[in-house]
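To start, the structure itself, in structure tokens.
Just so you know, these numbers come straight off a predicted model, no measurement behind them. For the numbers below, each heavy atom of this structure counts, side chains included, while hydrogens, waters and symmetry mates do not.
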Amino acid sequence: MKLASRVSMIKPSPTLVITAKAGALRAEGRDIIDFGAGEPDFNTPDHIKMAAIHAVESNFTRYTPVGGIDELKDAIIGKLKRDNYLSYRRSEIIVSCGAKHTLFNLSQALFDEGDEVIIPSPYWVSYPDIVLLTGARPVIVETREENGFKMTPAELEAAITKNSKAVIINSPSNPTGCVYSKEELAALAEVVLHHQLIVVSDDIYEKIIYDDFPFWNITAVNPSLKDLTVVVNGISKAYAMTGWRIGYAAAPEFLIAAMAKIQSQSTSNPSSISQKAAVEALTGDQQIIAGMVAEFQKRRDYVVSTLESFDGISCLEPQGAFYVFPNVESLYGLRCGNKKILDSTTLAEYLLDEAEVAVVPGIAFGNDRHIRISYATSMALIEKGLERIRMALKRLS
């Protein structure tokens with residue numbers, strides 16, 4: 001039996017690999033602290049769970065329309081108008097099995113062999129592989145730490161060729177936590193419009209922003225981009241609903257129809273029960289988000305200040321999401337016994353073996369000078385895990 005060649009083009013999600021390895025070691029009895037997970041540690045709010053329970057009890061358990069129920073599409077339309085100043089019709093909305101599924105569908109619908117898709121680095125681990133599976137080529141733009149890991153108009157311009165079709169903008173960013181300002185997006189929008197690029201705006205972390213920094217979608221900044229933009233979002237991060245698997249896109253009607261055609265031949269509709277829960281999430285009490293974000297901000301402040309106190313580590317303060325992306329390059333070349341730190345991968349392996357702390361190597365995000373630490377876990381575990389890292393780093397010489 002021979003596998004299709006496309007399988008060799010991609011790799012498993014590194015974050016899921018790290019999480020699985022940490023879980024396996026924990027099952028062996030080791031006290032592993034997991035800083036690799038990319039999901040809130042909070043429980044799904046009760047009023048959302050009750051909506052799902054009501055869906056089950058009322059037998060809302062059958063197939064729904066492929067692209068989602070009208071009630072959920074209306075809730076998404078209301079959210080986009082309320083929060084993002086964007087207006088869409090039902091025919092311009094699709095609901096999928098998580099935002100990753102949404103990104104996969106839109107890539108299959110948009111990109112062909114020979115197309116180029118511009119992806120700023122550091123990037124979410126799945127962007128390049130999702131593009132590669134279409135036959136298109138990811139074009140990686142390495143951003144600079146001194147610019148807050150945000151792509152500049154000049155960097156975008158330099159990456160554009162006659163084959164460029166789209167650019168992905170993820171703000172707030174996984175893994176850096178950077179958030180583009182209104183002015184920064186306006187400058188990027190000018191380049192995009194000049195070259196008529198498609199913008200894939202991944203807004204999944206939009207609600208997790210600190211210090212009252214305002215969130216802007218690029219289309220809200222420049223409405224001329226609306227027909228060129230796909231807005232991608234979901235309920236997983238803002239409402240602690242990762243396992244419910246609901247993501248959505250807002251885009252021109254012809255693209256939504258194409259995505260629905262592809263979805264009809266893969267998963268069909270998202271879970272009927274999860275859709276009802278998502279309606280409640282988007283239309284119900286939104287105050288639960290503020291409490292979660294306040295706790296994340298407290299953790300961010302502690303993690304950044306603690307990492308900054310470590311010899312050999314510097315850490316930019318993120319404006320959003322729940323990750324830090326510390327620079328660890330000065331540790332490369334150090335060793336502990338026969339273990340030598342060569343790069344972000346060997347550092348992550350060292351911390352897992354010696355400190356029993358799981359982090360994700362920066363190379364998974366396109367930047368080998370950094371590691372990603374998720375603070376989507378309790379303060380007690382954060383304090384314990386960072387102290388373990390401190391002691392492990394002291395053993396390096």
Starting from the C-alpha separation in whole Å, work towards a yes-or-no answer on salt bridge (charged side-chain N to carboxylate O under 4.0 Å, His left out) for R137 and E113.
-> CA-CA 8 Å; R137 186 171 79 91; E113 192 166 341; over 6 Å; no
Passes salt bridge (charged side-chain N to carboxylate O under 4.0 Å, His left out), R388 versus E354? Steps please.
-> CA-CA 9 Å; R388 288 185 184 182; E354 296 295 318; over 6 Å; no
So S126 and D129, side-chain hydrogen bond (donor to acceptor under 3.5 Å, both in side chains) or not? Walk me through it.
-> CA-CA 5 Å; S126 294; D129 286 347; over 6 Å; no
Salt bridge (charged side-chain N to carboxylate O under 4.0 Å, His left out) between E206 and K79, worked out = CA-CA 12 Å; E206 89 170 274; K79 174 257 177 288; 2.8 Å; yes
Carefully, step by step, assess K73 and D70 under the rule salt bridge (charged side-chain N to carboxylate O under 4.0 Å, His left out).
-> CA-CA 5 Å; K73 289 186 177 184; D70 285 345; 5.1 Å; no
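Neither side chain, T64 nor S272, offers a donor N or O lying under 3.5 Å from an acceptor on the other. Residues Q319 and D211 have side chains that never bring a donor and an acceptor to within less than 3.5 angstrom of each other. Defined by atom type and a distance below 3.5 Å, a donor-acceptor pair is missing between the side-chain atoms of E308 and S305. Under 3.5 Å, the side chains of E329 and H370 contain no donor-acceptor pair of N or O atoms. Side-chain contact of T377 with D41: a donor-acceptor pair under 3.5 Å is absent, judged by distance alone. For the 3.5 Å distance criterion, the side chains of T143 and E155 fail to qualify, holding no donor opposite an acceptor. D203 and S201 share a donor-acceptor pair across their side chains, judged by distance under 3.5 Å alone. Inspection of the N327 and E145 side chains reveals an N or O donor paired with an N or O acceptor under 3.5 Å.
Separation of atoms CD (E387) and CD1 (I33) is listed at 10.5 Å; rounding is to 0.5 Å. Separation of atoms OG1 (T134) and CG (L110) is listed at 9.5 Å; rounding is to 0.5 Å. The CD atom of E190 sits 12.0 Å away from the CG atom of L156 when rounded to the nearest 0.5 Å. Here CZ of R390 is found 9.0 Å from CG of D311. Values are rounded to the nearest 0.5 Å. For the atom pair D74 CG and I69 CD1, the distance stands at 9.5 Å (nearest 0.5 Å). To the nearest 0.5 Å, the span separating CG on D202 from OH on Y123 amounts to 15.0 Å.
Under the 4.5 Å side-chain heavy-atom criterion for ILVMFWY residues, a single connected hydrophobic cluster contains both Y323 and F310. Both I389 and F322 belong to a single network of hydrophobic side chains, linked directly or stepwise wherever heavy atoms of I, L, V, M, F, W or Y lie under 4.5 Å apart. I198 and F254 end up in the same hydrophobic cluster when Ile, Leu, Val, Met, Phe, Trp and Tyr side chains are linked at under 4.5 Å.
Within the 4.5 Å cutoff, no side-chain heavy atoms of S8 are placed close to those of L3. Using a 4.5 Å heavy-atom cutoff, the side chains of L396 and Y350 are in contact. Inter-residue side-chain proximity for I204 and N174 is flagged as unmet; no heavy-atom pair is nearer than 4.5 Å. Proximity of V360 to F35: side-chain heavy atoms (C-beta onward) are nowhere separated by under 4.5 Å.
Salt-bridge annotation for R299 and E295: present, with a side-chain N of the basic residue lying under 4.0 Å from a carboxylate O of the acidic one.
Stacking of K165 on the aromatic ring of F111 is not recorded, the 6.0 Å distance cut-off and the 45° axial limit not both being met.
With R372 contributing its side chain and P175 its backbone, the two residues share no donor-acceptor pair below 3.5 Å. R245 places no side-chain N or O within 3.5 Å of a backbone atom of P270 that could act as its donor or acceptor partner. Counting only distance, with no hydrogens or angles, the side chain of R6 and the backbone of L133 share no donor-acceptor pair below 3.5 Å. For D368 (side chain) and S344 (main-chain N/O), a donor-acceptor pair under 3.5 Å exists by modelled atom type. Between the side chain of Q263 and the backbone N or O of N105 there is no donor-acceptor pair closer than 3.5 Å. Side-chain N or O atoms of Q265 include none that pairs as donor or acceptor with a backbone N or O of I262 at under 3.5 Å. Put simply, the side chain of S330 gets close to the backbone of G312: a donor and an acceptor are under 3.5 Å apart.
Just one residue in the list K226, R89, R90 forms a salt bridge (Lys or Arg N to Asp or Glu O under 4.0 Å) with E253, and that residue is R89.
Residues H101 and Y248 place their aromatic rings such that the two centres sit no closer than 6.0 Å. Note: Y205 and F296 fail the aromatic proximity criterion, with ring centroids not under 6.0 Å apart.
Ring geometry, Y375 versus Y210: the interplanar angle falls from 30° to 60°, so the pair is classed tilted. Using cut-offs of 30° and 60° for the angle between ring planes, the Y85 and W216 rings count as tilted.
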